[in-house]
Engineer: 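Could you have a look at this structure, given as structure tokens, before my questions?
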There are 2 protein chains.
Amino acid sequence: MARARISDVAAAAGVSVTTVSLVMNDVESRISEQTRRRVREAARAVGYAPSSVARGLRTQQTRTVGLISDQIATTPFAGRMLAGAQDAARENGHLVFLVDTGGNGAIERDAITALTSQQVDAMIYACMWHRVVEAPEGLPPATVFLDCRPAAGGFRSVVPDDRAGGYAATRELIRAGHRRIAYLDTDDGPIASNLRHEGYLEALAEAGIPVDPALHVTGATTAQGGRSAAEVLLDIPESRRPTAIFCFNDRMAVGAYTAAHHRGLEIPRDLSVIGYDDQQLVAAEQDPPLTTIALPHYEMGRWAMEVALGVREEGNDNATHQMECPVVRRDSVGPPPAQVAKPNRRRASYTERLP
Amino acid sequence: MARARISDVAAAAGVSVTTVSLVMNDVESRISEQTRRRVREAARAVGYAPSSVARGLRTQQTRTVGLISDQIATTPFAGRMLAGAQDAARENGHLVFLVDTGGNGAIERDAITALTSQQVDAMIYACMWHRVVEAPEGLPPATVFLDCRPAAGGFRSVVPDDRAGGYAATRELIRAGHRRIAYLDTDDGPIASNLRHEGYLEALAEAGIPVDPALHVTGATTAQGGRSAAEVLLDIPESRRPTAIFCFNDRMAVGAYTAAHHRGLEIPRDLSVIGYDDQQLVAAEQDPPLTTIALPHYEMGRWAMEVALGVREEGNDNATHQMECPVVRRDSVGPPPAQVAKPNRRRASYTERLP
DNA sequence: TTGAAAGCGCTAACAC
DNA sequence: GTGTTAGCGCTTTCAA
């Protein structure tokens, strides 16, 4: 059976289409309560669902948003970001078109064309990790960049505050009593790498801890990469060896765990470790559960959508919004082992961050 | 500046809108090559992008698909499934509306209404793990169920062949020489749990291996759950202790690793382990990398989309399509340790499955 | 080989 | 309080 049209409802209720339209859209109250009821009943009776397509054509507003992302498939981060964007879209009565380009330029161009043809009300351009990107041609100027920043500016964008995150991670270790703190960095070149390093240096400087270049090592952003880099650190003679390692991400932190275990070092008794990302199914499942810095993916997704839909006022059309990365305390950070003497057996107990 | 309309192109090219429409849609070749060129040039000149909304209203085909899923945020599986669906949609010129309901019934109902109003050409109802579900009201009959099966039937659906997967996993261990093979199951009650168990029993029976109830243990589907359950298995006196463990999923297998390591058992020398899911950032990153059974998420996503769009013919509108779960060989399966005597130091080398 | 015109289902300006 | 009608931008039938 074919879709019911507004005229079917009008006929069934014995009114005009105008009346039906007015009732369905809750416009003014110039319609009598009795008529409203009759219309609504008729609509239900004929199984009427208004056509968003016809409405979109008429009003030139589709109540849809386009979300272009480079990779949803290969990173498990995507979920939270999409969830935030989705929730905000739903709360504002919008549906989202999701297009995953896999980083392919041709697909990206086609996606922009297709979404433009669909006359989406707003567009979001998302990356799955913090990056600086060339803004592709054809994006509407109101596009919001999510977890990335357009190289030439000109768009609103939201990214994590990696510098503050690096600072917070290092502060966390300093506060636990550490002075020989390593930064297990990556050489894969993400923009976050430098930013977190800056935060690390800032926290060190603030605490009056001299920088030891030997404590800055690098590796690939994998468990294996983290393990190799951690081994370099643990090879340092004990007097100068780090008592705590701040890892670029959770995966590398897992590698640091492995390296430590292979030398009989127990975490956090002999070595404190802090990660970054708060990656689901990774950070919390380690033994001991990994203290880490969370990327505010959900919040960034929500922010981007709200700004894109215009429900959140953001003054500058050309500004990058930085979002805080909170510390998630678990059990991989404790006080440093007692100097020179026997290792200190006391084990700090940290509790999981409350929601 | 406002969108260019088809009439703008017509005016610019000095032809009628009919001609422009015909050219833009590559209909017949009744238009002279010269006119075609003129039209295309004019379209480019005025920056014309046809309105899918107007076209959708006219043709009653929107070239959009609705994909409703219960959870994209909380499982890292989603990505591959979405990627498969996306790719198939794109290849067929369709855009996908993604709605994540978080399992909330009210949101689900609203989503179905919204997608119906958008007049999507097809609909997919996806779960993030293999389940039997109550089909919600209002789904079009042509909806395809992805990674789940409607309890009452009546829809096409695609799910992983968990029974065959359990069989394959167990076969893999039998072929490596094991006879005392445990099934580290879950008591969280997913439908896959029983199916994989059936496959396990079938492989055992086929090989003439008697079933030892002590080798069937259960736990929560987490690393911690896997660890506790594995400890029960490893507490069994060595003569009857399993030499291989088939784990319900990769996370539980990680727990089995931990339990083994805490007893000084080396994998795969002293104990072989096989997982399920081939979960990214988990299976491959273990030490040693975990041999596992892959869930065909990408393929299922693609299958569902192709069937939904009608580009793949599937006879029965009421049939459940089962998809193979391939073995992914890594390094956690080897021959059983030599009986009674000293452990066999030989270590089997398996190579990663080629793409 | 090309064009005129109807109409997809809805909203909103205007008339009553 | 309610109804008539034009028109959103396109496709497609029919006529030339």
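Just the heavy atoms: all of them, side chains too, but no hydrogens, waters or symmetry mates, feed the values below. Below, chain A is the first sequence line, B the second, and so on; all start at residue 1.
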Engineer: Is any side-chain N or O of B:Thr35 closer than 4.0 Å to OP1 or OP2 of C:dT1?
Structural biologist: no

Engineer: According to the salt bridge (charged side-chain N to carboxylate O under 4.0 Å, His left out) rule, which pairs have a member within residues 57-69 of chain B, sequence neighbours left out?
Structural biologist: none

Engineer: Taking only residues two or more places apart in sequence, or in another chain, which ones meet A:Phe97 in a ring pair (Phe, Tyr, Trp, His ring centres under 6.0 Å)?
Structural biologist: B:Phe97

Engineer: Can you check each nucleotide of nucleotides 8-16 of chain D against protein heavy atoms at under 4.0 Å and return B for base, S for sugar-phosphate only, - for none, in 5' to 3' order?
Structural biologist: BBBBB----

Engineer: For A:Arg38 and D:dG1, what is the distance between atoms CZ and P respectively, to the nearest whole Å?
Structural biologist: 14 Å

Engineer: Please enumerate all residues that pass side chain to side chain contact (heavy atoms under 4.5 Å, CB included) together with B:Ala151, with sequence neighbours excluded.
Structural biologist: B:Val132, B:Glu134

Engineer: Sequence neighbours excluded and cut-off under 3.5 Å, please list the side-chain donor-acceptor pairs for residues 42-55 of chain A, or say none.
Structural biologist:
unit_1, atom_1, unit_2, atom_2, d
A:Ser51, OG, A:Val53, N, 3.3
A:Ser51, OG, A:Ala54, N, 3.0
A:Ser51, OG, B:Gln119, OE1, 2.6
A:Arg55, NH2, A:Asn25, OD1, 3.3

Engineer: Nearest whole Å is fine: how far is C:dT1 P from B:Glu33 CD?
Structural biologist: 11 Å

Engineer: In chain order, what residues pass the ring pair (Phe, Tyr, Trp, His ring centres under 6.0 Å) check against B:His94, with sequence neighbours excluded?
Structural biologist: none

